[in-house]
Each structure stands twice: as structure tokens, then as C-alpha cells.
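What you see is a predicted model; the values in this text were computed from it and never measured. Below, chain A is the first sequence line, B the second, and so on; all start at residue 1.
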2 protein chains.
Amino acid sequence: MSGNRVTMADVARRAGVSPTTASFALSGRTDMRISEAARSKVLAAAAELGYRPNATARSLRTKSSQTLGFVSDTITTTPFAGEVIRGALGAARAKDHLLFITETGGDRAVESGLVNGLLDRQVDAVIYAAMYTHYVSPPPELHGRRVLLLNCLAPGFDAPSVIPDEIEAGRTAGRALLAAGHTAGIWAIGGHQAIPATPDGVFAGLERMRGLQEVLREAGARLDGVVESDWNAEDGYREVSRLLAEGHRPRALVCSTDRVSFGAYQALAEAGLSVPQDVSVVSFDDQDIAGWLKPALTTVALPHHELGRKAVELILGDGPLRAETHRVPMPLRERDSIGPARPTG
Amino acid sequence: MSGNRVTMADVARRAGVSPTTASFALSGRTDMRISEAARSKVLAAAAELGYRPNATARSLRTKSSQTLGFVSDTITTTPFAGEVIRGALGAARAKDHLLFITETGGDRAVESGLVNGLLDRQVDAVIYAAMYTHYVSPPPELHGRRVLLLNCLAPGFDAPSVIPDEIEAGRTAGRALLAAGHTAGIWAIGGHQAIPATPDGVFAGLERMRGLQEVLREAGARLDGVVESDWNAEDGYREVSRLLAEGHRPRALVCSTDRVSFGAYQALAEAGLSVPQDVSVVSFDDQDIAGWLKPALTTVALPHHELGRKAVELILGDGPLRAETHRVPMPLRERDSIGPARPTG
DNA sequence: GATCTCCGCTAAATCGGATTAGCAAGTGCC
DNA sequence: GGCACTTGCTAATCCGATTTAGCGGAGATC
């Protein structure tokens with residue numbers, strides 16, 4: 001890309017010192033004695049010439065590139081992506097690192113190729129991310145490397161994980177309902193796990209359900225039922241419609257995602273039921289639509305931004321990485337879809 | 001990041017040749033004579049050792065890093081982002097390039113810092129992207145560099161632009177309505193330009209309106225009115241509600257974005273009007289919700305993926321870049337929100 | 001037989017920094 | 001004055017490739 005950059009040799013020449021001296025002066029290292037006079041001459045020369053070190057040359061020597069690799073299966077798709085990357089980008093910038101973003105599409109061969117590409121370019125560390133919270137096994141190229149798992153767990157792989165605290169999220173949803181007095185007529189839509197559409201080992205659903213049921217049990221309440229459903233609007237609509245058609249009259253719905261909630265809203269509206277007067281709805285994710293719905297949806301937010309931020313901060317921290325699991329809290333976004341419970345008729 | 005890599009010197013030693021010979025054999029260059037015997041010895045040694053060239057060292061010498069920089073103001077936010085990046089990633093991978101993704105947040109100082117960071121790392125080219133189609137002025141660091149403008153135009157800046165063909169999109173929306181027989185009672189919501197919330201110089205709205213009006217005029221039809229509205233669900237709801245409250249009875253709505261359409265749906269439902277029986281709706285963007293709405297929304301799609309792909313392909317093509325504007329077609333996604341026109345009552 | 005030309009390959013320089021080894025001048029101490 | 005030490009700086013290497021310059025030997029030419 002064009003341009004004859006100013007090199008350190010240019011700076012040294014202008015300052016009338018050796019490249020060695022220029023190097024030490026510019027890096028600010030104190031273990032080599034440089035007089036104040038020489039240092040300021042070098043700094044002045046560098047400033048006048050608009051000198052910027054060549055990161056490539058530096059990397060070659062130091063084996064560090066001030067660069068991170070972000071490897072994920074799919075970067076767009078639903079809840080994830082954008083905000084995670086933003087969080088990561090922000091944290092990386094704060095430490096003067098740049099991010100290589102890659103996408104494997106779930107293909108192992110592609111994955112290997114990309115990881116090798118990152119390693120060839122001397123990335124300092126790799127964030128291995130999944131768009132659905134599930135179990136993974138990172139490629140062999142990554143073994144022994146500085147790696148952090150984002151939104152996934154890899155048993156037996158020696159690396160820390162950062163995942164959303166889904167269990168606590170389930171509890172949060174349960175408590176939100178209990179706080180409004182709901183103890184009966186509670187149904188979970190899209191319950192234990194995401195079915196065909198999502199990859200194996202997805203555990204977000206399971207954990208949410210576990211937390212939810214735990215908190216209800218402690219309060220002496222329980223779920224009237226769990227309706228399995230894929231995690232999208234279409235299926236949410238279909239399953240809730242079916243539930244209503246079967247004659248059930250839920251008082252509260254715990255939907256596995258905002259998309260399912262969206263479908264649920266449509267089904268309830270069609271049945272002439274209003275939210276939250278007739279049915280309260282609490283959900284998970286906090287996608288954009290949560291705020292657009294009428295009434296706005298109360299939902300437990302996936303901490304996208306925070307996940308990305310934390311991943312980078314951990315991996316850029318110094319010292320060795322311990323293989324622990326960091327659970328990031330999922331905050332409740334209280335909006336208008338939970339109403340007070342009415343005495344059951 | 002740990003690991004003692006195999007170097008070319010290792011390969012040469014094992015093959016019993018000089019590093020020079022190894023280099024030529026591996027790069028497959030033919031302008032230097034290497035016997036078939038030597039070449040295969042080197043290739044075999046490289047394979048046995050699992051040799052991978054150090055991209056950093058290579059970049060230092062060749063000034064090219066097989067790397068691109070992607071600079072954008074905001075990477076998340078609404079329509080854009082995810083798919084654009086995916087498109088870019090795919091095209092980059094096809095040419096063995098990796099992508100640095102950065103986000104400036106619209107801050108010039110941050111922007112300069114990031115661009116310099118990219119340049120320091122020897123990126124081969126930079127894609128300067130905006131999330132809203134508007135006019136920009138790239139930072140001075142980018143002048144004279146290999147740059148491509150994505151989703152924006154920069155008058156006076158010598159670089160090609162890739163933008164969605166908004167004018168044609170407006171025509172497409174108009175034709176979709178005309179095809180269903182609509183020639184009267186057509187209103188545009190969120191018309192000429194995005195007001196306060198979006199940055200200056202956004203021209204997507206203007207161009208869409210121009211194309212729309214042109215096509216209506218040619219067919220002897222015209223807009224009953226243009227309602228200005230911010231490009232979000234909340235404002236779409238408010239403006240359409242107001243329109244209806246003022247006694248207007250539109251037969252078709254052209255909404256500036258799917259979010260506005262979403263709000264329009266809510267307002268229409270509240271007024272007891274059904275889509276598309278009472279009111280047809282055509283929109284722009286093709287966000288996820290377009291497919292979730294009932295009835296599903298007919299909308300002119302922003303070609304995100306294609307924009308990203310094309311940007312990378314152009315910038316990775318060889319030869320100098322010409323400062324022309326490439327307009328990417330916006331395809332119509334026909335769904336269920338346009339119904340046949342009824343005779344006006 | 002001497003000179004030329006190819007061939008096939010290697011030595012050495014280069015890219016732009018970081019780092020190690022070491023040198024000359026100045027200071028302190030006895 | 002002599003020796004040890006410190007100070008401040010520089011020469012030389014190294015990182016791992018790419019690339020230029022050039023060297024012996026074989027065959028061709030006259």
C-alpha cells in the first residue's frame with residue numbers, strides 16, 4: 001500500500017544518534033541508559049518526521065503482534081454477533097490491539113485454515129466463540145495456545161470460558177413472575193433445549209429451565225407445563241396457538257427467546273388475549289424487537305457486549321490463563337409485559 | 001504465542017538445499033531455475049515438517065500482508081453490519097486474506113488511531129464503511145492509499161464506492177404497488193430523509209423517494225402524501241396513528257424501513273385495519289422481522305451480503321482502482337403485505 | 001583449446017525494528 | 001597514577017522470509 005514510511009533509521013539519523021539509541025529512547029525502556037538530552041532529541045525527530053513504527057518488523061522480532069484472532073462459527077445470526085464483537089473491539093482498542101474476525105461456518109476444514117492463517121500472522125491470542133451456548137472441541141492447532149472460549153465450553157481443553165449465566169437468568173425470570181404474584185398457570189415455551197435447528201449440546205435452554213424451576217419450587221409454585229418449540233417466531237406462534245386451541249388458559253408465559261415471544265404475542269392477540277392483562281410474558285435475550293413490541297417485552301438480557309469485553313480483557317490480562325468458567329450476569333430488562341396475577345377463576 | 005515453528009531454514013536443511021532454493025521451490029516461481037528433483041525434495045521436506053511460512057516475516061520483506069482493514073463507524077446497529085461483514089469475510093477467505101475489523105464510533109480521533117494501527121500492520125487495503133448510506137470524508141491517513149468506500153460516497157476522494165442502488169429500489173417498490181393495481185391512496189412514511197437521529201447527508205431516503213415518485217408519475221399515479229418520520233418502530237407507529245387520526249384512509253403505505261413498517265402494522269391493527277385487505281404495505285431493508293410479521297412483509301432488500309462481498313472482490317482485484325460508483329441491486333422480497341387495489345370508495 | 005552460454009544452485013543483502021555485547025569517556029577511591 | 005565502576009552510546013546480530021548477484025560445471029561454438 002504505497003507510501004515510503006519514515007523508519008527508525010531516519011529518525012536516528014535526524015537526531016544524530018544510532019538506531020539503537022533511537023530504539024531505546026522511543027520504547028522508553030529504562031534498563032538501558034539514555035541521557036535526557038538524547039531521548040528528547042530522538043522524540044523530537046520522531047515527531048517532526050511523523051514516525052510510526054512498523055508493526056510487522058516489530059512482530060517479527062518480538063513474536064507479538066498486538067493482534068487478536070476471533071474465530072466463530074457464524075457471526076451474524078440472531079441474538080449474538082454484533083454486540084459481542086463491539087464489546088471485544090472496544091476492549092481491544094483500549095489495549096492497542098487489533099482484531100482479526102473470522103467465520104468458519106461450522107466447517108472444520110475452514111476452521112483449521114483460518115486458525116492457521118491467524119497463527120501464521122502471529123496473533124497473540126485467539127478467542128474461540130460460538131453463537132449458541134454449547135459444547136465445542138477447538139481444533140488441534142489451538143492446543144497449547146493462548147485461547148479463550150466465548151459462549152461455549154470445551155471439557156478437557158485447557159482454557160477459560162466466558163459464558164452467560166443462564167441458570168441465574170432462569171431464576172431471574174422466575175423471580176420476576178413471582179414478584180408480580182404469579183404462582184399458577186405458568187407455562188414455559190421452547191423449554192428444555194432447542195430442537196433440530198440448533199447444534200448438539202446447546203445447554204442454554206436446559207440451564208434456564210433449571211434456574212426457573214428451582215426458584216418456583218422454592219416459592220411453592222410450579223410450572224403448569226413445558227411446550228417444546230424451536231427458538232423462532234414462527235414456531236412460537238404455532239405452539240402457543242396450539243396450547244390455546246387445546247383449551248389451556250395460561251396466566252404467564254416464559255418464552256425461551258424474544259423471537260418466541262414475538263410469535264406468542266401474535267397467537268395471544270389472535271385469541272383475543274391481551275398482554276399483560278390476561279397473560280404475562282417474560283422472555284430471554286433482549287433483542288431489538290423486545291423494545292418494539294407493544295407492550296414492550298420484559299426480558300432477561302443476553303450480555304453480549306459484556307461477553308465480548310470480558311473475553312478480551314481476560315485474554316489480554318497478563319499471566320497464564322486458568323481454565324475456569326466465568327459466568328456473566330444476565331440482567332432483567334423490566335418493561336411492560338408482566339402484569340399482576342389475578343385470582344384464578 | 002508459544003510453539004517453535006518450523007522455519008524455511010529447517011526445511012532447506014532437511015532437503016539438503018539452500019534456503020534460497022527452498023524459497024523458490026516453495027513459492028513455485030519459475031523465473032529461477034530449480035530442478036524437478038530439488039523442488040520435490042523441498043516440497044517433501046516441507047510436508048514432513050508441517051512447515052508453514054511466517055506471514056509476518058514475509059510481509060516485512062514484501063510489504064504485503066494478505067490482510068485487509070475494515071473501518072466502520074458502527075458495526076452493530078440496525079440493518080447493516082453482520083451480513084456485510086460475512087460477505088466480506090467470505091470473499092476475503094476465497095483469496096486467502098484475513099480481515100481486521102474496527103469500529104470508530106464516529107469519533108475522528110479514534111478513527112485516525114485505528115487507521116494508523118491498520119497501516120502500521122501493513123494492510124493491503126482498507127474498506128471504509130458507513131452504516132447509513134451517506135457522504136463521508138475519510139481521514140487524511142487514507143489519502144493515496146488503496147481504499148474502497150462501502151455504503152458511502154466521498155466527493156473529491158479518489159476511490160471507488162459500493163452502495164445499494166436506492167433509486168432503483170424506490171422504483172421497485174413503486175412497481176410492486178402498481179402491479180397490484182394501486183394508483184391512488186398511496187402514502188410514504190418516513191419519506192425524504194431520516195431526520196434527527198441519523199447523521200448528516202444521508203441520502204438513502206431521498207433516492208428511494210425519487211425512484212418511487214418517478215415510477216408512479218410514469219404510470220399516471222402519484223403519492224397522496226409524504227409523512228416524515230424517524231426510521232424506527234416507535235415513530236412509525238406514532239406517525240401512522242396520527243395519519244389515521246386525521247381521517248386519512250390510505251390504501252397503500254410505502255415505509256422507509258421495516259422498523260417503520262412494524263410500527264405501521266401496530267397502528268393499523270389498533271385502528272382495526274388489516275394488511276393487506278384494507279391497506280397494502282411495502283417497505284425497505286428486509287430485516288429479520290419482515291419475515292416474522294403477520295402478514296409477512298413485502299420489502300426491498302438491502303443487499304448486505306452482496307455489498308460486503310463486492311467490496312472485497314473489487315479491492316482485491318488487481319490493477320488500480322477507478323473512482324467509480326458501483327450500485328448493487330436491491331431485490332424485492334415478495335411476501336404477503338401487498339394486496340390488490342380495490343376501487344376507491 | 002579458448003570463449004560463450006546455459007543450468008542449477010548458493011551466498012549475501014534486505015526489510016525495519018529489538019536486543020545483546022561491548023567500547024570510550026568520565027568519576028571515585030586509595 | 002592506577003584500577004574499578006558507571007555512564008551513555010554504538011556495532012553487530014537476530015527475527016524469517018524474499019530477492020539480487022554471482023559462481024562453478026556442462027555443453028556448444030569456432
Quiz item: Can you name the salt bridge (charged side-chain N to carboxylate O under 4.0 Å, His left out) partners of B:R39, sequence neighbours left out?
Solution: B:E36
Self-check item: Any A:R29 side-chain nitrogen or oxygen under 4.0 Å from OP1 or OP2 of C:dT19
Solution: yes
Quiz item: With A:R309, which residues qualify under salt bridge (charged side-chain N to carboxylate O under 4.0 Å, His left out), at least two apart?
Solution: A:E306, A:E313
Practice problem: Determine: side-chain N/O of A:T62 to OP1/OP2 of C:dA18, distance under 4.0 Å, yes or no. | Solution: no
Exercise. Would you classify B:S23 as touching base, sugar-phosphate or nothing, given that sugar-phosphate means primed atoms plus P, OP1 and OP2, and contacts are heavy atoms under 4.0 Å?
Key: base
Detail all sub-3.5 Å separations between protein N/O atoms and N/O atoms belonging to nucleotides 25-28 of chain C.
none

Practice problem: Could you give me the stems involving DNA chain C, meaning stretches of three or more consecutive Watson-Crick or G-U wobble pairs whose two defining distances are both below 3.5 Å? | Solution: C:1-30 with D:1-30
Quiz item: Once you round it to whole Å, what is the distance between P of D:dC9 and CG of A:L26?
Solution: 14 Å
Quiz item: Would one find a side-chain N or O of B:K63 under 4.0 angstrom from OP1 or OP2 of C:dG16?
Solution: yes
Quiz prompt | For atom CZ of B:R5 and atom C1' of D:dC15, their distance in whole Å | solution = 13 Å
Exercise. Only counting residues at least two apart or in another chain, list the ones meeting side-chain contact (heavy atoms from CB on, under 4.5 Å) with B:A15.
Key: B:V17, B:K41, B:V42, B:A45
Quiz item: Measuring from B:K310:NZ to B:I163:CD1, what's the distance to the nearest 0.5 Å?
Solution: 11.5 Å
Quiz item: Can the ring centroids of A:F100 and B:F100 be said to lie less than 6.0 angstrom from one another?
Solution: yes
Quiz item: What is the distance from CD of B:Q122 to C1' of D:dA17, rounded to the nearest Å?
Solution: 14 Å
Quiz prompt | Minimum side-chain heavy-atom gap B:Q66-B:L98 below 4.5 Å | solution = no
Quiz item: So which pairs with a foot in residues 11-20 of chain B pass side chain to side chain donor-acceptor pair (under 3.5 Å), sequence neighbours left out?
Solution: B:D10-B:R13, B:R14-B:E48, B:S18-B:T21
Quiz item: Is there a donor-acceptor contact under 3.5 Å from the side chain of B:S72 to the main chain of B:E103?
Solution: no
Exercise. Sugar-phosphate means primed atoms, P, OP1 and OP2; the rest is base. With that split, encode nucleotides 4-14 of chain C 5' to 3' as B, S or - using protein heavy atoms under 4.0 Å.
Key: ----BBBBBBB
Quiz item: Taking atom types as modelled and ignoring hydrogens, do the side chains of A:T133 and A:N151 form a donor-acceptor contact shorter than 3.5 angstrom?
Solution: yes
Quiz prompt | Partner set under side-chain hydrogen bond (donor to acceptor under 3.5 Å, both in side chains) for B:R33, not counting sequence neighbours | solution = none
Quiz prompt | Pair A:E141, A:S112: side-chain N/O donor-acceptor within cut-off below 3.5 Å | solution = yes
Quiz prompt | DNA chain D contacts among residues 48-60 of chain A, heavy-atom distance under 4.0 Å | solution = A:L60
Exercise. Check salt bridge (charged side-chain N to carboxylate O under 4.0 Å, His left out) between A:D31 and all other residues, then give those that pass, not counting sequence neighbours.
Key: A:R29
Exercise. For A:M8, answer base if it contacts any base atom (sugar-phosphate contacts may also be present), sugar-phosphate if it contacts only those atoms, and nothing otherwise; contact means non-hydrogen atoms under 4.0 Å.
Key: sugar-phosphate
Practice problem: In whole angstrom, give the distance that lies between atom CG of A:D31 and atom C1' of D:dT7. | Solution: 14 Å
Self-check item: Listed partners of B:D120 passing side-chain hydrogen bond (donor to acceptor under 3.5 Å, both in side chains), at least two apart
Solution: A:R5, A:R52
Exercise. Applying ring-ring contact (aromatic ring centres under 6.0 Å, His included), name anything that partners A:F157, two or more places apart in sequence or on another chain.
Key: A:H143
